[in-house]
Amino acid sequence: MNRHPPFTTLAHAAARTKRACETDGSRMVSDSVHLHAPKRDLLFLTQRIPYPPTKGEKIRSLNPAKPSQIVGVHQKAGKEHVEPAMNAALKAFESWSRTSVEERATLLHRVGDLLRERKFEFMAWLVFEVSKNWAEADGDIAETIDFCELYAREALRLTKAAPHAQLPGERDTLLYIPLGVGAVIPPWNFPCAIMAGMTLASIVCGNTVILKPSSDSPTIAAKVIELLEEAGMPEGVVNFCPGAGASFGDAIVSHPKTRYIAFTGSREVGLHINKSAATQSPGQIWIKRTVLEMGGKDAIIVDADTDLDVAVEGVAQSAFGFQGQKCSACSRAIVDERVYDKFLDMLKARVEKFTIGDPAENFNMGAVINEGSMKTILDYIEAGKRDGRLLTGGGRASNAGEGYFLQPTVFADIPPKSKLEQEEIFGPVLAVIKARNFDHAMEIANDTEFGLTGAVYTKSRDKIERAIRDFHVGNLYINRKCTGAIAGVHPFGGFNMSGTDSKSGGPDYLYLFSQGKSVGEKIS
Ligand code: NAD
């Protein structure tokens with residue numbers, strides 16, 4: 001097995017930052033380290049199977065807060081790498097699918113233990129590669145550890161499944177067996193937790209994987225692969241292939257031997273994958289399973305009968321945490337007209353307190369992921385200026401540094417059905433919409449093709465019950481923010497165009513990565 005020395009500069013940076021944080025007590029202090037590109041400048045497969053070398057093309061992931069700084073350099077897998085990757089995954093499937101569930105679960109526990117030991121180093125990679133501040137990076141790694149432990153336990157639980165009844169004279173059993181080779185295609189915004197979650201769920205069930213990380217966050221994925229190897233993962237079980245979505249991604253989705261696709265990302269790409277997966281390729285003998293988790297246009301309803309301080313804080317945190325780049329982020333605040341003006345005053349004051357800058361120094365908000373994303377968000381801000389009233393923000397936060405920093409932006413008086421009210425922006429832009437009453441607010445909230453998260457702030461039990469019944473989202477929160485789902489506590493996944501409601505971190509999740517086999521054996 002190929003081993004590389006640990007990336008000590010960054011590891012030390014993280015450790016020093018942790019110490020600084022502990023001494024300082026309130027604020028993490030940045031180490032001015034110059035990040036060097038990871039030495040793993042190769043697809044893992046390159047060294048292990050007769051893998052065609054890439055044509056010199058590289059993926060470079062940059063620090064969004066300092067785009068002149070390269071965080072990772074990776075070989076770029078193209079269409080010519082699909083067959084070797086698939087062959088490696090198929091070969092590994094022969095033995096991995098027959099490895100005991102206990103052994104597979106132990107691998108996940110080991111990964112969780114290693115990650116817990118090196119949590120600050122992994123957090124540091126997220127701070128530099130995707131511009132999470134330390135609290136957001138902590139959440140991402142903590143969720144990854146939770147997935148390791150939860151899916152290990154869930155896999156063992158699945159072995160105890162049984163049919164409802166036994167026929168006299170028979171031994172009747174129900175087994176959950178692996179599916180085959182899965183394509184795992186994660187986004188960049190939870191580049192550790194979502195990437196690892198879909199991968200770990202796959203392998204603990206006995207599948208093998210071709211993992212194509214997002215081109216904005218391949219380094220953290222490479223670090224997790226190193227951890228899996230250190231924990232004892234056999235060769236070929238997870239085949240790490242950074243590559244472009246449109247070439248490598250498309251090709252693995254349509255490959256006849258791909259048994260399932262686990263995807264998290266945008267609505268557009270999710271629908272494209274759904275269509276491609278539904279088309280039978282020559283030699284394909286199964287219906288491909290798709291687990292697709294997609295975008296959101298998440299709303300928080302603020303009733304007149306509520307504690308406005310609490311509601312304002314919840315809206316502000318949900319809208320601007322990690323620069324609004326969470327699928328669960330609040331992008332619509334729908335507010336009862338009786339408290340609308342007061343809410344706007346309080347929200348403006350709160351949002352203007354957010355600090356923006358290099359997340360290594362733990363500002364409240366870092367940079368958005370890349371230049372293209374920044375331009376798209378700025379276009380939405382221009383649309384907002386036409387459709388509504390700019391309350392605060394409205395452009396780049398140029399004082400924050402050379403990176404892709406944007407001001408937290410709030411528009412008031414956004415009309416229902418307008419562009420800003422309907423489309424996912426995926427950035428620090430919040431639309432505030434005035435509602436006549438609670439029923440009207442619910443009508444506006446549900447008038448979207450998405451259905452991922454939502455929240456309601458109210459003191460009324462009757463309205464809470466109505467929201468539980470009628471607010472059509474996969475993850476509903478009452479009197480708390482609409483972000484921050486915890487694995488095992490809030491199984492996560494959305495309705496409608498937000499996805500297949502796969503509920504990661506929930507009791508049904510591993511069924512998606514297995515198939516049930518029923519055996520009836522005559523014994524007398
Ligand atoms: P994206 O759809 O642009 O990319 C997601 C992944 O798909 C990337 O790895 C990308 O390389 C790959 N890809 C792109 N084109 C492809 C193709 N033709 N074939 C195969 N793969 C392809 O999304 P993103 O910008 O990485 O992430 C942001 C989006 O993800 C937002 O819409 C957000 O709401 C969504 N998201 C959803 C959830 C959820 O649980 N519902 C969680 C996180 C993010």
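Note that the structure is a prediction, hence the values are computed from the model and not measured. Note that these values count all heavy atoms, side chains included, but never hydrogens, waters or copies made by symmetry. We count ligands from 1, going down the list as the structure has it; atoms in each ligand are counted the same way.
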Among all protein heavy atoms in this structure, tell me which lies nearest to atom 19 (N) of ligand 1, with the distance rounded to 0.1 Å. G245 O, 3.3 Å
So how far is it from T453 OG1 to Y477 OH, rounded to the nearest 0.5 Å? 6.5 Å
Under 4.0 Å between a side-chain nitrogen and a carboxylate oxygen: does that hold for D387 and K419? no
If we only count N/O pairs under 3.5 Å, is L452 in contact with ligand 1? no
W188 to ligand 1, any heavy atom closer than 4.0 Å: yes
Could E371 and K375 be called an ion pair, given the rule that one side-chain N must be under 4.0 Å from one carboxylate O? yes
Please compare I261, T264, V253, V269 and report which has the shortest non-hydrogen distance to atom 5 (C) of ligand 1. T264
protein heavy-atom neighbour closest to atom 32 (O) of ligand 1 works out as E424 OE1, 2.7 Å
Numbered atoms of ligand 1 (with element) below 4.0 Å of I194, judged on heavy atoms: 42 (C), 43 (C)
Could you tell me which atoms of ligand 1, counted from 1 in the order shown, lie closer than 4.0 angstrom to a heavy atom of S214? 9 (O)
Under 4.0 angstrom from ligand 1, any heavy atom of F248? no
Identity and distance of the protein heavy atom lying nearest atom 40 (O) of ligand 1: F492 CE2, 3.4 Å
For the CD1 atom on I287, are there more than 12 heavy atoms of other groups (residues, nucleotides or ligands in this structure) within a distance under 6.0 Å? no
Please could you name the atoms of ligand 1 that D250 approaches to less than 4.0 Å, counting only its heavy atoms? 17 (C), 18 (N), 19 (N), 20 (C)
Just list the side-chain donor-acceptor pairs under 3.5 Å for residues 480-497, sequence neighbours left out, or say none.
| residue | atom | partner | partner atom | Å |
| --- | --- | --- | --- | --- |
| R480 | NH2 | T483 | O | 2.5 |
| H490 | ND1 | I486 | N | 3.0 |

Pair D298 + R332: basic N to acidic O under 4.0 Å: no
Residues two or more places apart in sequence or in another chain: which of them pass ring-ring contact (aromatic ring centres under 6.0 Å, His included) with F93? none
Checking side-chain polar atoms at under 3.5 Å, does D216 have a donor or acceptor matched by the opposite partner on N370? yes
Checking heavy-atom distances from atom 37 (C) of ligand 1 to each of R267, M195, Q325, M294, the winner is M294
Taking atom 27 (O) of ligand 1 as the reference point, the nearest protein heavy atom with its distance: P187 CB, 3.3 Å
Determine whether the side chains of H255 and S281 contain a donor N or O and an acceptor N or O closer than 3.5 Å. no
Considering only the protein, which heavy-atom contact is closest to atom 28 (C) of ligand 1, and what is its distance? F426 CE2, 3.5 Å
Look only at interatomic distance and state if S266 has a nitrogen or oxygen under 3.5 Å from any nitrogen or oxygen of ligand 1. yes
Just to confirm my output: which protein heavy-atom neighbour is closest to atom 42 (C) of ligand 1, and how far is it? C327 SG, 3.0 Å
Does ligand 1 have any atom sitting under 4.0 Å from a heavy atom of P186? yes
Under 4.0 Å from any heavy atom of N189, which atoms of ligand 1 are there? 43 (C), 44 (C)
Measure from the ring center of F128 to the ring center of W134 and say whether it is less than 6.0 Å. no
